S.K.: 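Handing you a structure now.
Since the structure is predicted, the reported quantities are computational estimates derived from the model, not experimental observations. Position 1 is the first residue of the sequence, and the numbers go up from there.
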Amino acid sequence: MKATGIVRRMDELGRVVIPKEIRRTMRIREGDPLEIFTDHDGEVIFKKYSMIGNWSSQADNLCESFSKISGRQIIVSDRDTIVAGSSGVKREVLDKLVNDEISDIINSRKKYAKTADDKEIPITEYGKHIAGSVHPVISRGDILGSVILVADAGDAPSEADLRMAAMIADFLADQSGN
């Protein structure tokens with residue numbers, strides 16, 4: 001665990017303010033769910049909760065099935081981090097932060113589909129893979145993450161690929177209601 005040197009007092013209602021710099025670097029936004037852990041040394045640990053992250057094995061299976069059917073690579077992210085992917089890209093992107101442009105698309109709640117003329121949007125900050133489409137996963141009004149179709153340079157995804165990626169996003173959104 002990394003020490004920050006920041007000390008905060010708890011108020012009478014049991015609240016502690018997480019400093020803005022930590023919230024910014026850890027991409028913790030207002031309304032984000034946090035898991036609270038304790039250990040035997042008396043430490044209290046806050047961790048961003050990712051519902052989609054809990055489904056990573058199922059998301060991996062969906063990505064592999066999609067890739068076998070379409071011949072394209074696909075990735076599943078929570079709001080910040082890649083949590084699953086098809087085998088052609090998984091090793092390179094797993095657990096990496098999504099690019100800020102992808103994060104903005106997810107938070108806008110709108111789908112993005114690349115056309116041949118669009119500028120390329122890298123999926124991760126320093127990665128070589130670009131987004132062909134981004135489908136936010138939204139359940140009960142909450143943004144859980146996204147399904148990202150990987151594109152080749154100058155490539156635009158087919159209508160069938162876009163529909164399949166949207167179907168995976170809808171499926172993941174439905175899982176949160178169960």
Side-chain angles (χ1 to χ4, degrees), residues 25-29 32-33 35 37 47-140 142-178:
T25 58
M26 300 303 294
R27 293 185 177 187
I28 299 172
R29 299 170 197 88
D32 280 352
E35 282 186 282
F37 299 91
K47 180 182 175 198
K48 282 183 68 172
Y49 177 73
S50 169
M51 188 175 292
I52 287 186
N54 291 337
W55 306 327
S56 61
S57 63
Q58 295 92 328
D60 273 335
N61 292 336
L62 286 169
C63 290
E64 282 305 315
S65 295
F66 175 90
S67 185
K68 285 177 185 171
I69 292 168
S70 70
R72 297 182 79 88
Q73 302 300 320
I74 194 164
I75 293 168
V76 175
S77 76
D78 62 16
R79 289 180 64 186
D80 302 307
T81 308
I82 308 295
V83 299
S86 50
S87 58
V89 293
K90 182 177 179 177
R91 188 172 10 144
E92 298 169 24
V93 298
L94 192 64
D95 296 327
K96 292 200 169 121
L97 291 174
V98 296
N99 182 343
D100 287 340
E101 288 180 81
I102 300 289
S103 184
D104 291 343
I105 292 167
I106 295 167
N107 290 320
S108 76
R109 300 171 177 260
K110 295 181 178 143
K111 295 177 184 173
Y112 162 80
K114 181 184 181 309
T115 64
D117 299 331
D118 287 346
K119 78 172 185 117
E120 296 179 349
I121 301 174
I123 294 170
T124 60
E125 199 64 39
Y126 304 106
K128 65 180 181 180
H129 301 291
I130 59 172
S133 70
V134 179
H135 300 266
V137 177
I138 301 171
S139 177
R140 298 179 180 169
D142 293 330
I143 302 168
L144 303 180
S146 71
V147 174
I148 304 169
L149 190 60
V150 180
D152 296 322
D155 176 36
S158 72
E159 194 60 40
D161 291 338
L162 293 173
R163 283 195 302 270
M164 287 176 56
M167 182 183 71
I168 292 171
D170 290 345
F171 176 80
L172 290 171
D174 289 345
Q175 294 308 297
S176 72
N178 296 334

S.K.: Minimum heavy-atom separation for R72 to P157, with atom names?
M.R.: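 It is NH2-CA, 3.8 Å.
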S.K.: Which one of V89, L94, V83 satisfies the side-chain contact (heavy atoms from CB on, under 4.5 Å) criterion with I75?
M.R.: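 Output: one option passes, namely V89.
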S.K.: Do H129 and I148 make a side-chain contact, defined as non-hydrogen atoms from C-beta onward lying under 4.5 Å apart?
M.R.: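 Answer no - side chains too far apart.
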S.K.: Roughly how far, to the nearest 0.5 Å, is CE of M167 from CG of L62?
M.R.: 8.0 Å
S.K.: Check whether more than 12 heavy atoms from other residues, nucleotides or ligands sit under 6.0 Å from atom CZ of R91, and answer yes or no.
M.R.: no
S.K.: Hey, are the side chains of P136 and K111 touching, using non-hydrogen atoms and a 4.5 Å cut-off?
M.R.: yes
S.K.: Does any N or O in the side chain of D60 come within less than 3.5 Å of the main-chain N or O of G85, such that one atom is a donor and the other an acceptor?
M.R.: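 Yes, D60 side chain to G85 backbone: donor-acceptor pair under 3.5 Å.
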S.K.: Tell me the closest heavy-atom pair linking A173 and I138, and the distance in Å.
M.R.: CB-O, 3.2 Å
S.K.: So, do D161 and L149 sit near enough that their side-chain heavy atoms are less than 4.5 Å apart?
M.R.: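 Yes, their side chains come closer than 4.5 Å.
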S.K.: Show the nearest heavy-atom pair for residues A131 and I102, with the distance to one decimal.
M.R.: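 Closest approach of A131 to I102, heavy atoms only: CB-CD1, 3.7 Å.
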S.K.: Distance only, no hydrogens: is a donor on one side chain within 3.5 Å (strictly under) of an acceptor on the other, for S139 and D142?
M.R.: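 Absent: no donor and acceptor within the cut-off.
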S.K.: Distance from K119 atom NZ to E101 atom CD, nearest 0.5 Å?
M.R.: 3.5 Å
S.K.: Taking all non-hydrogen atoms of both residues, which atom of I143 and which atom of R79 are closest, and how far apart?
M.R.: O-CD, 3.2 Å
S.K.: Does Y126 OH have over 12 foreign heavy atoms under 6.0 Å away?
M.R.: no
S.K.: Enter the distance from T124:OG1 to N99:CG here, rounded to the nearest 0.5 Å.
M.R.: 7.5 Å
S.K.: Check the pair S103, D100 against side chain to side chain donor-acceptor pair (under 3.5 Å), reporting the backbone distance first and the verdict last.
M.R.: CA-CA 5 Å; S103 184; D100 287 340; 5.6 Å; no
S.K.: Tell me, do R29 and N107 make a side-chain contact under 4.5 Å, heavy atoms counted?
M.R.: yes
S.K.: To the nearest 0.5 Å, what is the distance between OG on S86 and CG on N61?
M.R.: 12.0 Å
S.K.: Please round to the nearest 0.5 Å and tell me the distance separating atom CD1 of I106 and atom CG of D80.
M.R.: 8.0 Å
S.K.: Are S87 and E64 packed together at the side-chain level, in the sense that at least one heavy-atom pair is separated by less than 4.5 angstrom?
M.R.: yes
S.K.: Keeping the roles fixed (side chain from Q73, backbone from V150), state whether a donor-acceptor pair exists under 3.5 Å.
M.R.: no
S.K.: Identify the two heavy atoms, one from A113 and one from D118, that lie closest to each other, and give their separation to 0.1 Å.
M.R.: O-OD2, 3.8 Å
S.K.: In Å, rounded to the nearest 0.5 Å, how long is the span from CD1 of I121 to OG of S133?
M.R.: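 It is 10.5 Å, given to the nearest 0.5 Å.
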